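Predicted model only: the values in this text are computed from it and were never measured. Residue indices begin at 1 and follow the sequence shown.
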Amino acid sequence: MAKSYDYQSAFDIIGPVMMGPSSSHTAGAVKIGNSARAVLGDVPKSLEIRYYESFAKTHQGHGTDVAVVGGAMGYSTFDNRIKSALDIAKDEGIAVEIIEDEGESIGQHPNCAYIKADDANGRHIEVIGISIGGGTIKLKGIHVNGLEVEMNHGLPILEVDGPADKAQINHLINDLNDMEIEYKDELTQVNDDKSLVVLPLNKSIKESTLDTIREKYSDFNVSYIN
């Protein structure tokens, strides 16, 4: 059986170029926020952020708040706007609620953030992410409009959701296989006319391939989390 690695290169262990004092509490937190933004597919209208264990105790002092909010607004780890993300969110009318949860982390890791986000059109998503060090994260759950996929995977991840039945999802998966997209797991939820597909990938996807998927499945929300 092939081994699964949380880190892809030495640069993941050293950590990325970033704003803030800590790769796990700042850079990793930005990437968890980026993941929520990718799945939402738009600027959030509201954000609820729940912290656990280490994140709950140190989020203010380590800049985790500005990191998660900045990431959810689409800022990268080295964007100077990160440090002002809370003020920018307020100016742009984005409602932000931060909650320190007691007890054990729902992500089975002390550096855990649970983000609930809504856009102006009523789309609701939830992302549970953990920061495991060196700016590297893993996602523990993705929820979209009531459908839920639990997981334990690092990036990159392809997420697709929209109106479809099981047969249509099988057709989508076959198309992705024909495009030679390599993935570790196939995580799907289908309920009536709603579907959620999450594919943790073995390697990154070219922008041209992503454009092809979005063009062919224009009725779906296609998110690339990397």
[atom1] of [X] to [atom2] of [Y]: how many Å apart, nearest 0.5 Å?
X: Ser208; Y: Ile213; atom1: OG; atom2: CD1; answer: 9.5 Å
X: Leu47; Y: Ile115; atom1: CG; atom2: CD1; answer: 7.0 Å
X: Glu180; Y: Ile205; atom1: CD; atom2: CD1; answer: 12.5 Å
X: His59; Y: Thr26; atom1: NE2; atom2: OG1; answer: 13.0 Å
X: Ile88; Y: Lys83; atom1: CD1; atom2: NZ; answer: 10.5 Å
X: Leu158; Y: Thr209; atom1: CG; atom2: OG1; answer: 10.5 Å

For Ile169, which of Asn174, Val160, Thr188 qualifies under side chain to side chain contact (heavy atoms under 4.5 Å, CB included)?
Thr188
Using side chain to side chain contact (heavy atoms under 4.5 Å, CB included) as the criterion, point out the one residue from Ile128, Ile157, Ile130 that pairs with Lys138.
Ile130
Taking side chain to side chain contact (heavy atoms under 4.5 Å, CB included) as the definition, give me every residue that meets it alongside [X], ordered by chain and number, with sequence neighbours left out.
X: Glu215; value: none
X: Val127; value: Ser35, Ala36, Val39, Ile125, Leu139
X: Asn191; value: Leu147

Run Met151 and Lys140 through side chain to side chain contact (heavy atoms under 4.5 Å, CB included) and show every step you take.
CA-CA 5 Å; Met151 56 196 300; Lys140 304 290 287 188; 5.5 Å; no
Do any pairs count as a side-chain hydrogen bond (donor to acceptor under 3.5 Å, both in side chains) and have a residue in residues 36-50, sequence neighbours left out, and if so which ones?
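For residues 36-50, and leaving out neighbouring residues, the side-chain hydrogen bond (donor to acceptor under 3.5 Å, both in side chains) pairs sorted by first residue read Ser46-Asp118, Glu48-Arg50, Arg50-Asp101.
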Do [X] and [Y] make a side-chain contact, defined as non-hydrogen atoms from C-beta onward lying under 4.5 Å apart?
X: Ser105; Y: Phe55; result: no
X: Tyr224; Y: Pro156; result: yes
X: Val43; Y: Met73; result: no

Between [X] and [Y], is there a donor-acceptor pair closer than 3.5 Å when you use the side chain of the first and the backbone of the second?
X: Ser195; Y: Gly162; value: yes
X: Thr58; Y: Ser54; value: yes
X: Ser131; Y: Ile137; value: no
X: Lys184; Y: Leu201; value: yes

State yes or no: do [X] and [Y] share one hydrophobic cluster built from I, L, V, M, F, W and Y residues joined by side-chain heavy-atom distances below 4.5 Å, directly or via other members?
X: Leu176; Y: Leu187; value: no
X: Leu196; Y: Leu199; value: no
X: Val96; Y: Leu40; value: yes
X: Tyr51; Y: Ile106; value: no
X: Ile225; Y: Val222; value: no

Under the salt bridge (charged side-chain N to carboxylate O under 4.0 Å, His left out) rule, what pairs show up with a residue in [range], not counting sequence neighbours?
range: residues 192-202; value: none
range: residues 68-77; value: none
range: residues 217-226; value: none
range: residues 145-170; value: Arg123-Asp161

If I compare all heavy atoms of [X] with all of [Y], which pair ends up nearest, and what's the gap?
X: Val198; Y: Pro200; result: O-CD, 3.6 Å
X: Ala89; Y: Val69; result: CB-CG1, 4.0 Å
X: Gly107; Y: Cys112; result: N-SG, 3.7 Å

By ring-ring contact (aromatic ring centres under 6.0 Å, His included), which residues pair with Tyr75, not counting sequence neighbours?
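By the ring-ring contact (aromatic ring centres under 6.0 Å, His included) rule, Tyr75 matches no residue at all.
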Sequence neighbours left out, what passes ring-ring contact (aromatic ring centres under 6.0 Å, His included) with Tyr183? Give chain and number order.
none
With sequence neighbours excluded, give me every ring-ring contact (aromatic ring centres under 6.0 Å, His included) pair touching residues 90-125.
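Residue pairs passing ring-ring contact (aromatic ring centres under 6.0 Å, His included), neighbours aside: none found.
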With sequence neighbours left out, which residue pairs that include part of residues 196-220 fulfil the ring-ring contact (aromatic ring centres under 6.0 Å, His included) condition?
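Applying ring-ring contact (aromatic ring centres under 6.0 Å, His included) to every pair that reaches into residues 196-220, excluding sequence neighbours, yields Tyr217-Phe220.
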Consider side chain to side chain donor-acceptor pair (under 3.5 Å). Of Gln189, Lys116, Glu126, which one does His143 pass it with?
Glu126
Is there a side chain to side chain contact (heavy atoms under 4.5 Å, CB included) between Glu97 and Ile49? Walk through the geometry before answering.
CA-CA 6 Å; Glu97 181 180 10; Ile49 304 164; over 6 Å; no
Ile82/Asn80 under side chain to side chain contact (heavy atoms under 4.5 Å, CB included): CA gap, chis, key distance, verdict:
CA-CA 5 Å; Ile82 288 288; Asn80 284 322; over 6 Å; no
